[in-house]
Protein chains: 2
Amino acid sequence: MPAAQPPMTPETAETAAAADGAAPADSTAPRAKGRPRSAAADRAILDATREALAELGWGGLTMGHVATRAKVAKTTLYRRWPSKNELVVDAVASLFDELVMPDLGSLRADIEAVVAQFADLLARPESQAALLALFAEGTRDRQLHRRIREAIVDPQKRLVRQGRSAAQARGELAPDTDPVAAVEEIDIIFDTIAGTVEHRVLVSGEPITPEWTRRFTGLLLEPFPSLATD
Amino acid sequence: MPAAQPPMTPETAETAAAADGAAPADSTAPRAKGRPRSAAADRAILDATREALAELGWGGLTMGHVATRAKVAKTTLYRRWPSKNELVVDAVASLFDELVMPDLGSLRADIEAVVAQFADLLARPESQAALLALFAEGTRDRQLHRRIREAIVDPQKRLVRQGRSAAQARGELAPDTDPVAAVEEIDIIFDTIAGTVEHRVLVSGEPITPEWTRRFTGLLLEPFPSLATD
DNA sequence: CAGTTACGCTACGACTCGTAGCGAAAGCAG
DNA sequence: CTGCTTTCGCTACGAGTCGTAGCGTAACTG
């Protein structure tokens, strides 16, 4: 859950514009005084954003179009999200909540299942249109990079940690000795899985077939001969 | 789709706008009749594009700004490239010409060298700003996708083929038996190397250190125990 | 020379962005 | 109910960008 329910409170605009500084600890019950924001409008806007992404792509997406499609005034849109980037992050982030670690009883099966889930996610038009463009903007906008990390990257990395822990509990992998090395190992495995699947689907433009998933998983498991059996 | 341009093709734009399949196969002499296009303007535009990418990023790059910086009329720009996407492909593609297969005498050393080269390339601001954005547009624009493939992806994939052939000549890898399987193996290795490095640098935002390169190369070489020795 | 094409320049319509102002609506505290 | 506050939809606006058209001039060919 990307902690973006009330995406931009009057203070959040400052957070987005200014810097990573002191956001007042307003964590509970902001004690609304006037007319509350319409939750229905939130949902309508995010749905409209996803639909527009799938139809028009990142370049064709305009705030005015989203507002019209969501049957909402453009002003309402800007009251919640400061720009297109933030809006799309929130619109796409929910898609990544679907990713789950299945725990199928073997590391091989778990990896294959996660790869298949991720491949299905990347096959969606709204994902394709948004993900790379978001990453591109994220290389220049540190705020945006943080939000992408929290809403999209971290949920994925969590799966790697879960699968690894499960395999350790089963005895398939050795328990951690050096915690620092463990983090590095998780990072490299995560970048490998996510990067390879993304490159295959979004750059090479080739589909992720079960056969491909089998071969790729085999490549990952070769370092562990006892797991690499077909 | 960019509508058919008038000529749009004095040599540079031909490889650029290779989309135009109906272009006469004038591989020899197009018989220039009027005033020739300024090659200096071509270089100035591409240089200005790279500089502007590094300074302003993809989102901040405007055709007008590039034209001004290149000391060229905006019209001259549009005479050669139909849109920002095509211009940036050509501006960035030349960077990938630097990639070479060193042939250092062992597959491990070759892979590490190529990874290091690619990492250096991705560390450049103009690459970071452009590459992911281009890939994003390429998921919707088939013409652009082809140009990216030809100008950027294929040069990279060629390195994998070269390194693989060299390793086979050395006897480190078995010769090809099934040519179809060989292509698939090259594809999966290529997507793994390119995707992982891209994800590490552009998404995770972590640098590619020699130590990381060593570990990642080790992961790739595990399937070949005789090569996996440190 | 004439013929052809590229060039720089200006101007334009269409579009998007993000903001401001307005009156009306929807909550909350008394 | 009556204020008070905030959001809502709507209209309008300035700024900026896009891609194109028209014009006179420059450069190169035969």
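Lettering follows sequence order; numbering is per chain, from 1.
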Q. Of all heavy-atom pairs between B/Ala41 and B/Ser38, which one has the smallest distance, and what is that distance?
A.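 Minimum heavy-atom separation between B/Ala41 and B/Ser38: N-OG, 2.9 Å.
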
What's the closest nucleotide to the [X] side chain, out of [options]?
{"X": "A/Ser83", "options": "C/dG27, C/dC7, C/dG18", "answer": "C/dG18"}
{"X": "B/Lys74", "options": "C/dA6, D/dG19, C/dT16", "answer": "D/dG19"}
{"X": "B/Met63", "options": "D/dG19, C/dG8, D/dG9", "answer": "D/dG19"}

Expressed in angstrom and rounded to an integer, what is the separation of [X] atom [atom1] from [N] atom [atom2]?
{"X": "B/His65", "N": "D/dG16", "atom1": "NE2", "atom2": "P", "result": "14 Å"}
{"X": "A/Lys84", "N": "C/dT19", "atom1": "NZ", "atom2": "P", "result": "16 Å"}
{"X": "A/Leu77", "N": "C/dT16", "atom1": "CG", "atom2": "C1'", "result": "14 Å"}
{"X": "B/Trp58", "N": "D/dT17", "atom1": "CH2", "atom2": "C1'", "result": "15 Å"}
{"X": "A/Tyr78", "N": "C/dT16", "atom1": "OH", "atom2": "P", "result": "11 Å"}
{"X": "A/Arg79", "N": "C/dA20", "atom1": "CZ", "atom2": "P", "result": "12 Å"}
{"X": "B/Leu61", "N": "D/dG19", "atom1": "CG", "atom2": "P", "result": "11 Å"}
{"X": "A/Lys71", "N": "D/dC10", "atom1": "NZ", "atom2": "P", "result": "12 Å"}

Q) Are B/Glu137 and B/Lys84 close enough, and set up right, to give a salt bridge (Lys or Arg N to Asp or Glu O under 4.0 Å), and what steps lead you there? A) CA-CA 11 Å; B/Glu137 300 288 327; B/Lys84 194 160 93 171; over 6 Å; no

Q: Give a yes-or-no answer on whether the side chains of B/Arg214 and B/Thr209 include a donor-acceptor pair shorter than 3.5 Å.
A: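 B/Arg214 vs B/Thr209: no donor-acceptor pair found between side chains.
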
Q.
Side chains of B/Asp191 and A/Ser204 only: does a donor on one sit below 3.5 Å from an acceptor on the other?
A.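 B/Asp191 vs A/Ser204: donor-acceptor pair found between side chains.
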
Q | A/Thr75 (side chain) and D/dC10 (base): donor-acceptor pair under 3.5 Å | A |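 Side chain to base: pair found, below 3.5 Å.
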
Q. Are B/Thr76 and C/dG8 close enough that a side-chain N or O sits under 4.0 Å from OP1 or OP2?
A.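 Yes, B/Thr76 has a side-chain N/O under 4.0 Å of OP1/OP2 on C/dG8.
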
Q: Answer yes or no: does a side-chain N or O of B/Arg37 lie under 4.0 Å from OP1 or OP2 of C/dA6?
A: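 True: B/Arg37 side-chain N/O within range (under 4.0 Å) of C/dA6 OP1/OP2.
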
Q.
Looking at A/Ile188, is its backbone amide N or carbonyl O close enough to the side chain of A/Thr192 to form a donor-acceptor pair, meaning the two atoms are under 3.5 Å apart?
A.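 The answer is yes, because a donor-acceptor pair under 3.5 Å joins these two groups.
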
Q.
Surrounding CZ of A/Arg142 (heavy atoms of other residues, nucleotides or ligands, distance under 6.0 Å), is the total greater than 12?
A.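 Incorrect, the count does not exceed 12.
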
Q: Could you say whether B/Gly64 or A/Ala73 is positioned toward the 5' end of DNA chain D, judged by the nucleotide with the nearest heavy atom to each?
A: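 Nearest-nucleotide comparison on DNA chain D picks A/Ala73.
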
(Q) Parallel, tilted or perpendicular: which one describes the rings of B/His199 and A/Phe135, with boundaries at 30° and 60°? (A)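 Rings of B/His199 and A/Phe135: perpendicular, as their planes differ by over 60°.
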
Between the protein and nucleotides 1-4 of chain C, are there any N/O to N/O pairs under 3.5 Å, and if so, what are the atom names and distances?
residue, atom, partner, partner atom, Å
C/dG3, N2, B/Lys33, O, 3.4

